[in-house]
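Note that ligands are numbered from 1 as they come in the structure, with each ligand's atoms numbered from 1 the same way. All values below come from the heavy atoms of this structure, side chains included, with hydrogens, waters and symmetry mates left out. Nothing fancy with the numbering, it's 1 onward along the sequence.
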Amino acid sequence: MRYVYLDNNATTAVHPLVLERYFSCCRDLPGNPSSIHWAGRESRGALETAREQVAGFCGCDPSEVIFTSGGTEADNLAVKGVAAASLRRGRHIITTAVEHPAVLGSCLFLEQQGYEITRLTVDSLGQMNLADLESAITPETVLVSAMYANNETGVIFPVEAIGAIAARHRIPFHCDGVQAAGWLPLDCRSMGISLLALSGHKLHAPKGVGALIVRKGVRLHPLLHGGAQERNRRAGTENLPAIVAFGLACRLITASRVEDSHRVRRLRDKLEEGLLLLWPGAVINGHLLERLPSTLNISLPGARVDTLLASLDLQGVAASSGAACSSGTVRHSPVLAAMGISPETAGASLRFSLGRDTTAEEIEYLLEIIPAIRERLQIGGEGEGGW
Ligand SMILES: Cc1ncc(COP(=O)(O)O)c(C=O)c1O
């Protein structure tokens with residue numbers, strides 16, 4: 001059987017060179033970067049090289065990079081860290097209804113502590129409205145948090161415009177860049193991003209590493225207390241092999257980003273056209289143009305998403321229902337619900353997320369197996385019945 005991996009928004013395979021660097025770091029750099037002897041100094045050097053690579057990847061100064069355990073920690077640190085440091089200024093945070101649970105959960109936690117949270121809605125294409133953002137700002141607002149690209153639909157928010165509005169009101173702007181990084185241009189300086197969350201395992205680095213960029217002048221309280229690592233903003237001995245691997249992954253991705261994006265977009269479009277042709281009534285969820293090149297969220301009516309995913313899995317194809325980090329439990333997507341998509345359509349929606357290693361043959365294989373799956377699941381064109 002063929003194995004086709006189309007769940008790259010959930011996680012990506014580690015790049016072979018990145019894996020090599022990870023192992024060589026484990027083997028050759030035993031020192032703690034905080035130790036002052038030769039072994040510590042060598043490790044410190046590797047840590048700072050990775051910091052420079054990450055900074056170069058997203059357009060900030062190396063001193064503005066805080067290494068974390070991943071995107072979830074970076075989002076938590078941004079939202080809760082800014083809130084805790086801004087207590088005297090106010091207790092109002094603006095975010096969107098379609099953020100990743102790492103942001104929404106942090107906001108909910110703060111709401112339970114007495115903060116006021118505004119969750120901006122999106123339209124039927126998953127796009128937010130800048131006028132809504134402008135009118136939600138109050139003198140009490142201490143943070144605007146909006147993602148660059150959505151993990152379920154791939155819809156891209158107008159990050160530069162959000163940054164400009166936040167800057168005009170002197171409010172820090174936290175951007176969850178976990179899914180957009182590696183596909184879209186990313187430059188904290190020119191895009192008005194005050195804080196940026198990144199995750200290594202979406203960028204062909206190992207799991208368990210990420211970063212929060214905190215631009216100079218942004219006040220932030222740490223979540224973890226202990227040693228003075230990461231300029232007192234994230235205590236704990238650094239996960240050096242993963243950080244060094246993450247730095248290299250950022251450098252490798254930067255070198256081929258534009259070319260990869262074009263190639264993967266062509267494959268995604270081929271898959272999209274094929275599915276629309278092969279599955280009567282298929283509907284794409286999300287904006288057709290303002291969308292990541294890698295992501296296709298599509299409703300295939302007449303079958304339930306869990307049955308569809310199981311049928312694809314039986315044929316070796318790994319896809320997802322969309323809510324990546326909750327894979328394994330298929331539940332209705334709050335993102336699709338926020339877009340006004342009916343439970344019936346959402347209940348038949350799949351996310352295919354292509355990667356840098358996806359091939360044309362893999363897309364062809366997927367399109368080949370679709371008619372048989374459709375015939376099996378669509379009983380007399382009436383569907384399985386019941387959602
Ligand atoms: C948009 C977004 N933010 C944050 C995260 C969390 O990242 P991590 O898995 O590194 O904790 C994810 C993971 O899917 C994501 O898609």
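Counting atoms of ligand 1 from 1 in the listed order, those under 4.0 Å from a heavy atom of Gly70 are 10 (O). Which parts of ligand 1 touch Met147 is read off a 4.0 Å heavy-atom cut-off, strictly below it: atoms 1 (C). Set against the non-hydrogen atoms of Gln179, the atoms of ligand 1 under 4.0 Å away are 1 (C), 14 (O), 15 (C), 16 (O). Less than 4.0 angstrom separates some heavy atom of His201 from each of these atoms of ligand 1: 8 (P), 9 (O), 10 (O). Residue-ligand proximity, Asn151 to ligand 1, at heavy-atom distances under 4.0 Å covers atoms 1 (C), 16 (O).
Annotation: Gly71 places an N or O atom under 3.5 Å from an N or O atom of ligand 1; distance criterion only. On a distance-only criterion, Glu73 and ligand 1 share no N/O pair closer than 3.5 Å.
Side-chain atoms of Glu259 and Ser256 include no donor-acceptor pair closer than 3.5 Å. Judged by distance alone, the side chains of Gln179 and His100 never bring a donor and an acceptor atom under 3.5 Å apart.
With a 4.0 Å heavy-atom cut-off, ligand 1 is reached by the side chain of Val178 but not by its N, CA, C or O. At a heavy-atom cutoff of 4.0 Å, ligand 1 is contacted by the side chain of Asp75 but not by its backbone.
Other residues, nucleotides and ligands place more than 12 heavy atoms under 6.0 Å from the CD atom of Gln112.
A cation-pi arrangement is found for Arg356 relative to Trp183, the charged atom lying closer than 6.0 Å to the ring centre and inside a 45° cone about the ring normal.
Using a cutoff of 4.0 Å between basic side-chain nitrogens and carboxylate oxygens, Arg263 and Asp260 are scored as salt-bridged.
Glu238 contributes no side-chain N or O that, together with a main-chain N or O of Pro33, makes up a donor-acceptor pair within less than 3.5 Å. A donor-acceptor distance shorter than 3.5 angstrom exists from the side chain of Arg189 to the backbone of Cys60, with no hydrogens or angles considered.
Heavy-atom distances between Lys207 and ligand 1 stay at or above 4.0 Å for every pair.
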